[in-house]
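Here the structure comes first, spelled out in structure tokens, and everything after it is commentary.
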Amino acid sequence: MLDAIRYLVDNGIKWRAMPADFPPWDRAYAFFRSWRDHGLVKEFHDRLRARIRERLGRDAEPSAGVIDSQSVKADAVVGSDSRGFDGGKLINGRKRHVVVDTLGLLLGVMVTAADVGDRTAAQVLLRHVTDAHHQLELVWADGGYTGSLVDYCLATLALVLAIVKRSDDMHGFVVLPKRWIVERLFAHLMCTRRLARDYERRTTSAEAMVYWSMTLLMTRRMARPRPQPA
């Protein structure tokens, strides 16, 4: 079942196009739906993340992270109740709001309509992330998260929201400190074909697909041989 869902996420196929080598598509979908509704995919993901961090000599729980959002086009199956138009990026679809640690591993994701503001979604997402990760003290963000959100995070969540801005004298492509970490995660998600566009009817399914995509990345890293000391 795990291999079937990983194959679907990685290759972007329809559920009904599941190859004959895997269990029937409806059983694989029932497994996906059960893990989604009971939060098991997130638990599976979080345990893998903790092992990756410990393998790299870090604490299992992070103390710093980065927040950002990504707008993606939505398929025709996405209803009008969960889709919108992002005027800044001219995209009709949904928006993925994510928080990652300094290694680029996912701490939390929330999928909304594309017209939901970053600051509005960040209040909800950061509250969930800080509830799950009590050692989180600092989160970097871009200029879209300025304003009252900075004071809200400090007063309500005991969290420092540090804004990394692009200076006016910068021209062309420039790698900004810390912000490149979350951009790398977005690049990974777009390489997962099921996430190149939002095909999910429910936002909870879209969030589950992000967690499954990250499990692909982390299990590949776990399978690599550990470097031997010289």
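For clarity, every value in this text was computed on a predicted model and none was experimentally measured.
Within the 4.5 Å cutoff, side-chain heavy atoms of Val182 are placed close to those of Val98. When side chains are defined from C-beta on, Leu106 counts as touching His45, because their heavy atoms get closer than 4.5 Å.
For the salt bridge (charged side-chain N to carboxylate O under 4.0 Å, His left out) test, no residue two or more places apart in sequence or in another chain qualifies with Glu207. Scanning for side-chain hydrogen bond (donor to acceptor under 3.5 Å, both in side chains) contacts around Arg58 gives Thr102, with sequence neighbours left out.
Taken to the nearest 0.5 Å, the OH atom of Tyr211 stands 14.5 Å off from the CE atom of Met209. To the nearest 0.5 Å, the span separating CD on Gln123 from OH on Tyr152 amounts to 5.0 Å. With rounding to the nearest 0.5 Å, the separation of CG in Leu126 from NE2 in His133 is 11.5 Å. In this structure, CG in Leu195 is found 5.0 Å from OG in Ser213, a value given to the nearest 0.5 Å. Considering OG1 of Thr203 and CZ of Arg83, their distance stands at 13.5 Å, rounded to 0.5 Å. Atoms CE and CZ, from Met218 and Arg47 in turn, are 12.5 Å apart once rounded to the nearest 0.5 Å.
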Item to check | salt bridge (charged side-chain N to carboxylate O under 4.0 Å, His left out) assessment of Arg53 paired with Asp59 | outcome: CA-CA 6 Å; Arg53 289 183 58 86; Asp59 292 336; over 6 Å; no

Item to check | Step-by-step side chain to side chain donor-acceptor pair (under 3.5 Å) determination, Thr219 to Arg6 | outcome: CA-CA 11 Å; Thr219 50; Arg6 287 159 58 96; 2.9 Å; yes

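In terms of heavy-atom proximity, Thr130 sits nearest to Leu157 at OG1-CD2, 3.9 Å. Of all heavy-atom pairs spanning Phe85 and Asp115, the tightest one is O-CB, 3.5 Å. When all heavy atoms of Leu136 and Val129 are compared, the closest pair comes out as CD2-CG1, 3.6 Å. Across Ala50 and Ala60, no two heavy atoms sit closer than the pair CB-CB, 4.1 Å. Across every non-hydrogen atom of Val116 and His97, the tightest pair is O-CE1, 4.2 Å. Between Leu161 and Ala141, the shortest heavy-atom distance links the atoms CD1-CB, 4.0 Å.
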Using distance only, find each side-chain donor-acceptor pair of residues 16-31 under 3.5 Å and give its atom names and separation, not counting sequence neighbours.
none

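The pair Arg197-Asp75 does not count as a salt bridge, with every side-chain nitrogen at least 4.0 angstrom from each carboxylate oxygen. Between Arg49 and Asp46 there is a salt bridge, with a side-chain nitrogen of the basic residue lying less than 4.0 Å from a carboxylate oxygen of the acidic one. Between Arg220 and Asp10 there is a salt bridge, since at least one side-chain N of the basic residue sits less than 4.0 Å from a carboxylate O of the acidic one. Ionic pairing of Arg179 and Glu183 is not present here: no N-O contact between side-chain nitrogen and carboxylate oxygen is shorter than 4.0 angstrom.
Side-chain atoms of Arg36 and Ser205 form a donor-acceptor pair, as typed in the model, at a separation below 3.5 Å. A donor and an acceptor atom, one from each side chain of Ser82 and Arg202, are nowhere located under 3.5 Å apart.
Test Arg94, Lys95, Arg96 against Gln70 for side-chain hydrogen bond (donor to acceptor under 3.5 Å, both in side chains) and you get one pass: Arg96.
Val111 and Leu125 end up in different hydrophobic clusters when Ile, Leu, Val, Met, Phe, Trp and Tyr side chains are linked at under 4.5 Å.
In this pair, Trp15 and Phe32 present their aromatic rings tilted. The plane angle is within the 30 to 60° band.
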